[in-house]
S.K.: 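Here it is: the structure, laid out below.
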Amino acid sequence: MALDIKCIERNGNLVVRIVGEIDHHSADDIRFTAEREFFKSGAKNMIFDFAHVGFMDSSGIGMIIGRYKELKKAGGRVFAINIGPEINRIFEISGLKKIIPCFSSIDEISALGETSV
């Protein structure tokens, strides 16, 4: 499956929808695209949509931590939505769940008042 990255600005947040695997081949492409679109959009927060991601290795973990650090410095936040069982396990084992809030959807983030999405 080829990598597909779609970035959509929604109410001051950049939603990064990834289709494919996040590994050492794709992590740099995702980072580059997400950063470029984030700065172009003027968004405050970044939301990674994992609905169509079935695999992620340590390169993906590093890419997400890097975005977390960048946005934290800028006063923004990183969220994850639609994480399936495999990605959830990676988030738990790596400790990402301690720093990246995970939700089932953008609407759930909004309903909890986490951010204006």
S.K.: For residues Phe50 and Phe55: do they belong to one hydrophobic cluster (side chain heavy atoms under 4.5 Å, members Ile, Leu, Val, Met, Phe, Trp, Tyr)?
M.R.: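 As far as the 4.5 Å side-chain criterion goes, Phe55 and Phe50 are not connected within one cluster.
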
S.K.: Mind jotting down which residue pairs meet the salt bridge (charged side-chain N to carboxylate O under 4.0 Å, His left out) criterion with at least one end in residues 53-65? Sequence neighbours excluded, please.
M.R.: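 Residue pairs with at least one partner in residues 53-65: there are none.
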
S.K.: Keeping Asn13 on the side-chain end and Arg10 on the backbone end, is there a donor-acceptor pair under 3.5 Å?
M.R.: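 At least one qualifying donor-acceptor pair exists.
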
S.K.: With sequence neighbours left out, write down each residue that passes ring-ring contact (aromatic ring centres under 6.0 Å, His included) with Phe38, or none if nothing qualifies.
M.R.: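 For Phe38 there are no ring-ring contact (aromatic ring centres under 6.0 Å, His included) partners, ignoring immediate neighbours.
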
S.K.: Taking all heavy atoms of Met46 and all of Leu71, pick out the closest pair and write down the distance.
M.R.: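 Looking at all heavy atoms of both residues, the closest pair is N-CD2, 3.4 Å.
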
S.K.: If the condition is salt bridge (Lys or Arg N to Asp or Glu O under 4.0 Å), which residues does Lys6 pass it with, not counting sequence neighbours?
M.R.: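 Lys6 satisfies salt bridge (Lys or Arg N to Asp or Glu O under 4.0 Å) with Asp4 once adjacent residues are dropped.
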
S.K.: With sequence neighbours left out, write down each residue that passes side-chain hydrogen bond (donor to acceptor under 3.5 Å, both in side chains) with Lys72, or none if nothing qualifies.
M.R.: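 Checked Lys72 against side-chain hydrogen bond (donor to acceptor under 3.5 Å, both in side chains); zero matches.
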
S.K.: What pairs of donor and acceptor atoms, side-chain ones from residues 93-105 against any protein atom, are under 3.5 angstrom apart with sequence neighbours left out?
M.R.:
from   : atom 1 : to     : atom 2 : distance (Å)
Ser94  : OG     : Ile90  : O      : 2.8
Ser94  : OG     : Phe91  : O      : 3.4
Ser94  : OG     : Leu96  : N      : 3.3
Lys97  : NZ     : Asn88  : OD1    : 2.5
Ser104 : OG     : Glu108 : OE1    : 2.6
Ser105 : OG     : Asp107 : N      : 3.4
Ser105 : OG     : Glu108 : N      : 3.1

S.K.: Partners of Glu70 by side-chain hydrogen bond (donor to acceptor under 3.5 Å, both in side chains), sequence neighbours excluded?
M.R.: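 Listed in chain order: nothing, the list is empty.
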
S.K.: Tell me every residue that passes side-chain hydrogen bond (donor to acceptor under 3.5 Å, both in side chains) with Asn82, counting only those two or more places apart in sequence or in another chain.
M.R.: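 So Asn82 forms a side-chain hydrogen bond (donor to acceptor under 3.5 Å, both in side chains) with Asp49.
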
S.K.: Which heavy atom of Gly60 sits nearest to which heavy atom of Ala27, and what is that distance?
M.R.: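 In terms of heavy atoms, the two residues are closest at N-CB, 4.3 Å.
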
S.K.: I need the Ile106 CD1 to Ile8 CD1 distance, nearest 0.5 Å.
M.R.: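 So the CD1 of Ile106 and the CD1 of Ile8 are separated by 7.5 Å.
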
S.K.: For the CE atom of Met63 and the CD1 atom of Ile61, what is their distance to the nearest 0.5 Å?
M.R.: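 Between Met63 CE and Ile61 CD1, I get 10.0 Å after rounding to 0.5 Å.
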
S.K.: Are Phe32 and Met56 connected, step by step, through hydrophobic side chains (Ile, Leu, Val, Met, Phe, Trp, Tyr) whose heavy atoms are closer than 4.5 Å?
M.R.: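 Result: no, two separate clusters.
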
S.K.: Just how far is it from atom CD1 of Ile22 to atom CG of Asp29, taken to the nearest 0.5 Å?
M.R.: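 The CG atom of Asp29 is 11.5 Å from CD1 of Ile22, to the nearest 0.5 Å.
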
S.K.: Measure the CD1-CD1 distance between Ile30 and Ile64 for me, rounded to the nearest 0.5 Å.
M.R.: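 The distance works out to 8.0 Å.
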
S.K.: Can you tell me if Glu86 has over 12 outside heavy atoms packed within less than 6.0 Å of its CD?
M.R.: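 Not more than 12 within 6.0 Å, no.
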
S.K.: Mind checking whether Phe39 and Phe48 sit in one hydrophobic cluster, side chains of I, L, V, M, F, W, Y counted as touching below 4.5 Å?
M.R.: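 In one cluster with Phe39: Phe48, yes.
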
S.K.: Walk me through it: do Cys7 and Val16 pass the test side chain to side chain contact (heavy atoms under 4.5 Å, CB included)?
M.R.: CA-CA 5 Å; Cys7 296; Val16 181; 4.1 Å; yes

S.K.: Nearest 0.5 Å please: distance from the OG1 atom of Thr33 over to the CG atom of Leu3.
M.R.: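 With rounding to 0.5 Å, OG1 (Thr33) is 8.0 Å from CG (Leu3).
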
S.K.: Could you note down all residue pairs passing salt bridge (charged side-chain N to carboxylate O under 4.0 Å, His left out) where residues 32-48 supplies at least one of them, sequence neighbours left out?
M.R.: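 Qualifying pairs: Arg31-Glu35, Glu35-Arg67, Glu37-Lys40.
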
